[in-house]
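Everything quoted here is computed from the prediction, not taken from an experiment.
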Amino acid sequence: MRRLRPVVLLLLVLILCAGCRRQAPDGEIWFVHATDPHLFYGDRPELRQRQEPMNQQAFSDLVAALDDLPGKPSFLVVSGDFGLDLFAGEPVGVDGAVKLVAGILGKSPVKDIYLVPGNNDVKDEAPDGPEVAAFQLFWSRVQAQLQGTGVALHDLTSCYFGGGLSSCWADVPGTSYRLVGFPSQSFKDGVSPARSGVQLAQLDRLARLVEQAGPKRVLIVTHIAEIDDPYKLAQIRMRKGPDRQEWAPGRPEWSAASSWNVPKEVYARWKKIVDSPSVAGVLAGHFHDSHKEIYRRPYGWSTAPPERASPGKLYLAPPLSMRYQDTSPIQARGFALFRLKGGGAPERILYWYDARTRGFEPDSRSSSS
């Protein structure tokens with residue numbers, strides 16, 4: 001098995017425990033946040049033949065690497081975009097997809113896996129309805145295939161829709177943290193007034209979940225980060241003005257480059273929730289930029305208008321897939337390794353994937369990146 005080279009601060013752990021499986025110190029929890037594996041290409045079938053096998057290999061390599069990471073991760077978070085919109089309505093191929101995903105996850109040394117839907121997991125990026133039910137059904141079928149492996153899947157958005165695999169929150173044992181899911185798969189193209197009504201109702205539920213966390217420090221897990229989209233931002237700067245085509249009604253001018261396309265009320269409700277002292281961070285993905293600095297905090301490349309929820313609470317993970325990086329001479333693919341200790345701030349190390357070696361290397365920056 002390919003071994004990861006851990007960061008310098010953890011070399012002592014390797015020396016003292018050479019050849020044994022590493023254990024996290026008492027009062028310390030580690031977990032992995034991965035995003036955008038894109039195992040299937042429902043929206044871009046022309047890429048399926050080349051990219052699907054490579055992305056599936058990368059996801060398999062991630063699962064295999066979990067056993068070699070420092071601190072023995074306690075759980076895995078995947079913030080969406082497996083490409084499950086391809087299987088809405090039970091088309092040909094879904095049985096094979098269920099078997100493939102279960103085959104990979106069944107080998108995971110980490111037994112608790114937390115999920116939220118991405119915009120490429122739900123047909124038409126719908127906020128609710130039968131399209132979301134198809135997402136839930138897929139994971140229920142995978143869970144059935146995982147019987148006997150000890151792997152448990154947890155849909156952190158099930159309470160927003162009814163049904164699903166579990167509730168929308170999970171306490172992190174031994175810490176003051178609680179994971180809370182939020183379904184943002186519809187926020188990229190929320191141009192319909194009916195859709196924005198559903199989104200506001202979902203934000204109301206999120207606010208209640210945060211309030212109910214009590215003294216717990218909440219980590220919100222969602223797919224689409226509310227920050228400038230690097231691609232949109234570059235377009236605006238080159239054109240010297242925002243592109244208002246297909247803007248959601250009432251979308252504020254300050255959000256011209258935002259990855260969300262929603263009315264001002266949605267942005268305002270989100271800001272109020274995230275800026276709450278109870279929220280310690282937002283774990284998100286969605287971007288596929290090949291520049292590593294995009295994923296390093298504090299995201300100085302983005303604008304920071306006062307109307308935006310604090311970027312200081314955002315933890316943006318790089319994608320695992322090669323989507324939109326296929327022809328790029330530079331790559332930014334990987335995952336994030338988190339450490340939670342007591343009530344302290346989350347610490348994070350980014351890991352970068354090398355498809356040639358099928359291995360992962362820690363980022364050269366500090367663990368707070």
*Checking side chain to side chain donor-acceptor pair (under 3.5 Å) for the pair Ser186/Gln199: CA distance, chi angles, key distance, verdict?*
CA-CA 8 Å; Ser186 69; Gln199 292 165 344; 3.0 Å; yes
Side-chain contact, heavy-atom cut-off 4.5 Å: [X] with [Y]?
X	Y	value
Gln49	Tyr41	no
Pro263	Val266	yes
Leu153	Val142	yes
Arg296	Leu350	yes
Thr222	Val116	no
Pro319	Gln325	yes

Kindly check if the number of other-residue, nucleotide or ligand heavy atoms within 6.0 Å of [atom1] ([X]) is above 12?
X	atom1	answer
Glu307	CD	yes
Glu46	CD	yes
Lys264	NZ	no
Lys111	NZ	yes

_Spacing of Trp30 atom CH2 and Arg339 atom CZ [to the nearest 0.5 Å]_ = 5.0 Å
*In Å, rounded to the nearest 0.5 Å, how long is the span from OG1 of Thr175 to NZ of Lys216?*
6.0 Å
Determine whether [X] and [Y] fall in the same hydrophobic cluster, where Ile, Leu, Val, Met, Phe, Trp and Tyr are linked whenever their side-chain heavy atoms lie under 4.5 Å apart.
X	Y	value
Ile224	Tyr324	no
Trp352	Leu66	yes
Leu209	Val198	no
Phe287	Tyr351	yes
Trp254	Ile236	no

_Check against side chain to side chain contact (heavy atoms under 4.5 Å, CB included), Phe182 and Leu203_ = CA-CA 8 Å; Phe182 181 69; Leu203 283 166; 3.5 Å; yes
For [X] and [Y], indicate whether the former's side chain and the latter's backbone hold a donor-acceptor pair under 3.5 Å.
X	Y	answer
Tyr177	Ala280	no
Lys107	Ala64	no
Arg333	Ser321	yes
Ser255	Pro252	yes
Asp121	Gly80	no

_Residues which pass ring-ring contact (aromatic ring centres under 6.0 Å, His included) with His286, listed by chain and number, not counting sequence neighbours_ = His223
Does a side-chain N-to-carboxylate-O contact under 4.0 Å join [X] and [Y]?
X	Y	answer
Arg308	Glu226	yes
Lys292	Asp363	no
Asp204	Arg269	yes
Glu253	Arg244	yes

Side-chain donor/acceptor pairs under 3.5 Å, residues 122-135, sequence neighbours excluded:
residue	atom	partner	partner atom	Å
Glu125	OE2	Asn119	ND2	3.1
Glu125	OE2	Lys188	NZ	3.3

*Please work out whether the ring planes of Phe187 and Trp260 are parallel, tilted or perpendicular, with thresholds of 30° and 60°.*
perpendicular
_Parallel, tilted or perpendicular: which one describes the rings of Phe40 and Phe138, with boundaries at 30° and 60°?_
perpendicular
*Gln331/Asp354 under side chain to side chain contact (heavy atoms under 4.5 Å, CB included): CA gap, chis, key distance, verdict*: CA-CA 8 Å; Gln331 298 280 299; Asp354 187 335; over 6 Å; no
*Given Phe31, Tyr295, Phe360, the one that forms ring pair (Phe, Tyr, Trp, His ring centres under 6.0 Å) with Phe335*: Phe360
_Sub-6.0 Å ring centroid separation between Phe82 and Phe59_ = yes
_Ring centroids only, cut at 6.0 angstrom: are Phe338 and Tyr315 within range, meaning strictly under it?_
yes
*Just do the side chain to side chain contact (heavy atoms under 4.5 Å, CB included) check on Asp275 and Val279 with the steps written out, would you?*
CA-CA 7 Å; Asp275 288 353; Val279 175; over 6 Å; no
*Could you go through the side chain to side chain contact (heavy atoms under 4.5 Å, CB included) check for Phe75 and Val172 one step at a time?*
CA-CA 9 Å; Phe75 57 91; Val172 181; 3.9 Å; yes
